[in-house]
**Q** 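My questions all concern the structure below.
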Amino acid sequence: MITRERQPPNLEMPFHTLDGAITPTENFYVRCHFPIPQINPDSWSLRIEGAVDQPAQFSLTDLKRFPRETMMATLECAGNGRIFLAPKVKGVQWELGAVGNCEWTGIRLSHLLEEAGIRSGAREVILEGADKGTIAELPRPTGEIHFARSVPIAKAMDDVLLALEMNGRPLTPAHGYPLRAIVPGWYGMASVKWLQRIVVTDEPFHGYYQTIDYAYWRRDKSGPVLVPLAQMSPKAQIARPQSNETIPVGTKYLVKGAAWGGEGGISKVEVSFDRGSSWEEASFNSPSVRHSWRLWSFTWHPTKPGNYTLLARATDCRGQTQPLDRNTDHGTYRIDHCLPVEVQVH
Ligand SMILES: Nc1nc2c(c(=O)[nH]1)N[C@H]1C(S)=C(S)[C@@H](COP(=O)(O)O)O[C@H]1N2
Ligand SMILES: [Mo]
């Protein structure tokens, strides 16, 4: 793992080590805003409150009576690829490895919400983590805050999972032990770790991590509006070759990577060897699973020596294709344009 920050731990997978559709837990990136909270599983509980008929509290044993489910889902940090932005911007300088795909096992958030009984008029569900700390940069609230994000009721009732396990083992402390949310298809910040409280609200939540932080400018008729980051954009990344590799002329070279995001899954990946002037279609090496990445590859026959800029781009089932150029309205997040891999053929 590449250490981007030691305390709190912020680690990324060296993306060139991509090998298989499932990211082993020890290679799964770690993104923490605050120190990992010390949680005693025996005294831990999850509270549900707000616009519900029956506020409730669940211990780990209480959660055992709900049916378990396993789903595969890709998490990508909204700042993944930030190191490629020019000019440089603040924030963790992720390269390509703040993304991973694994199997999450737990219970549906909808089961807990149904039991608590959502009041009519409820709009959002706030997920709060047990981690807390102070924010250094202005603007900021005074004192300690918890990491928290909200999802609309429809998403909460549809497919949000409260995960106890990752890749068949209890969550590790860094990944949210004992319980975390998995919000499939959304950037990682929505998948709140170390869950301790769920608040149903009848108003949109304007917490720190979806206004000052983790928001972007969306253009509409009235002009740019600040909206919380949500769905992951379609994105393909190249794992092989790595930048600055030298490739012998005349060989068959397997270019490979992964693609995820967008609505309804990835339907096409293309590769360019000339900085986007022409594109060739890659083949898929794993099936289309909703909210999970797809591995792809392309056999390249470089016949002329020289410097080459490789790009990859993904298209989702709705026909949305990754752009070539950076959308600066995305600020320091949602780095979904094609990222170059420079190689030398000799
Ligand atoms: N409680 C809490 N949840 C959190 C975070 C956090 O700092 N605290 N980081 C978020 C961000 S920005 C990302 S990208 C994912 C990363 O999950 P991982 O560390 O398991 O890869 O967790 C999200 N959930
Ligand atoms: Mo993130």
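Note that the structure is a prediction, hence the values are computed from the model and not measured. Whatever order the structure lists them in is the order used to number ligands and atoms, beginning at 1.
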**Q** Atom 4 (C) of ligand 1: which of Phe147, Tyr333, Tyr29, Phe34 has the nearest heavy atom?
**A**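 Ranked by closest heavy atom to atom 4 (C) of ligand 1, first place is Phe147.
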**Q** Do Glu103 and Thr70 have side-chain N/O donor and acceptor atoms under 3.5 Å apart?
**A**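 There is no such pair between these side chains.
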**Q** Against heavy atoms of Phe28, which atoms of ligand 1 measure under 4.0 Å?
**A**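 Per the distance check, 21 (O).
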**Q** May I ask you to identify the nearest protein heavy atom to atom 23 (C) of ligand 1, giving residue, atom name and distance to one decimal place in Å?
**A**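 Protein heavy atom at minimum distance: Gly188 O, 3.3 Å.
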**Q** Using a strict 4.0 Å cut-off to heavy atoms of Cys77, name the atoms of ligand 1 that fall inside it.
**A**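 So the answer, numbered in order with elements, is 14 (S).
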**Q** Return the closest protein heavy atom for atom 1 (N) of ligand 1 as residue, atom name and distance.
**A**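 Of every protein heavy atom, Asp131 OD1, 2.8 Å lies nearest to atom 1 (N) of ligand 1.
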**Q** For atom 7 (O) of ligand 1, state which one of His33, Arg180, Glu76 supplies the nearest heavy atom.
**A**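 Nearest heavy atom to atom 7 (O) of ligand 1 lies in His33.
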**Q** Should the ring pair Phe15 and Trp293 be called parallel, tilted or perpendicular, given that the plane angle runs from 0 to 90° and is split at 30 and 60?
**A**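 Phe15 and Trp293: perpendicular rings.
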**Q** Can you check whether Ile36 reaches Tyr177 side chain to side chain, under 4.5 Å on heavy atoms?
**A**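 They are not in contact (no side-chain heavy atoms under 4.5 Å apart), so the answer is no.
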**Q** Would a line drawn from the ring center of Trp194 to the ring center of Phe34 be shorter than 6.0 Å?
**A**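 No, they do not, as the ring centres are separated by 6.0 Å or more.
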**Q** Can a salt bridge be assigned to the pair Asp329 and Arg218 using a cut-off of 4.0 Å between side-chain N and carboxylate O?
**A**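 Looking at Arg218 together with Asp329, the answer is no, because their closest N to O distance does not fall below 4.0 Å.
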**Q** Give yes if a backbone or side-chain nitrogen or oxygen of Tyr214 is under 3.5 Å from a nitrogen or oxygen of ligand 1, and no if not.
**A**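 Between Tyr214 and ligand 1, no N or O pair is found under 3.5 Å apart.
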**Q** Just jot down the ligand 1 atoms closer than 4.0 angstrom to any heavy atom of Cys32, in number order.
**A**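 By the 4.0 Å cutoff, the relevant atoms are 7 (O).
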**Q** Of Met189, Glu128, Arg149, which has the heavy atom at the shortest distance from atom 11 (C) of ligand 1?
**A**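 Selected option, by shortest heavy-atom distance: Met189.
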**Q** Show the atoms of ligand 1 that are less than 4.0 angstrom away from any heavy atom in Val192.
**A**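 The list of qualifying atoms is 1 (N), 3 (N), 24 (N).
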**Q** Can you tell whether the side chains of Glu76 and Arg31 come within less than 4.0 Å, N to carboxylate O?
**A**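 Salt bridge: no.
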**Q** Hey, can you tell me if His111 and Phe66 have their rings parallel, tilted or perpendicular (30° and 60° cut-offs)?
**A**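 Parallel: the ring planes of His111 and Phe66 meet at under 30°.
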**Q** Can you tell me which residue and heavy atom of the protein come closest to atom 24 (N) of ligand 1, and the distance to 0.1 Å?
**A**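 Scanning the protein heavy atoms, the shortest distance from atom 24 (N) of ligand 1 goes to Ser191 O, 3.0 Å.
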**Q** Which of the atoms of ligand 1 are close to Val30, meaning less than 4.0 Å from one of its heavy atoms?
**A**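 Atoms satisfying the 4.0 Å criterion: 19 (O).
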**Q** Who's the nearest protein heavy-atom neighbour of atom 19 (O) of ligand 1, and how far?
**A**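 Sorting protein heavy atoms by distance from atom 19 (O) of ligand 1 puts Lys193 NZ, 2.6 Å first.
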**Q** Looking at atom 9 (N) of ligand 1, what's its closest protein heavy atom, distance included?
**A**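 Closest protein heavy atom to atom 9 (N) of ligand 1: Arg31 O, 3.3 Å.
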**Q** Would you please indicate if the ring centroids of Tyr209 and Phe147 are separated by under 6.0 Å?
**A**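 Ring centroids of Tyr209 and Phe147 are less than 6.0 Å from each other.
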**Q** Between Tyr214 and Tyr187, is the ring centroid distance below 6.0 Å?
**A**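 No, too far apart.
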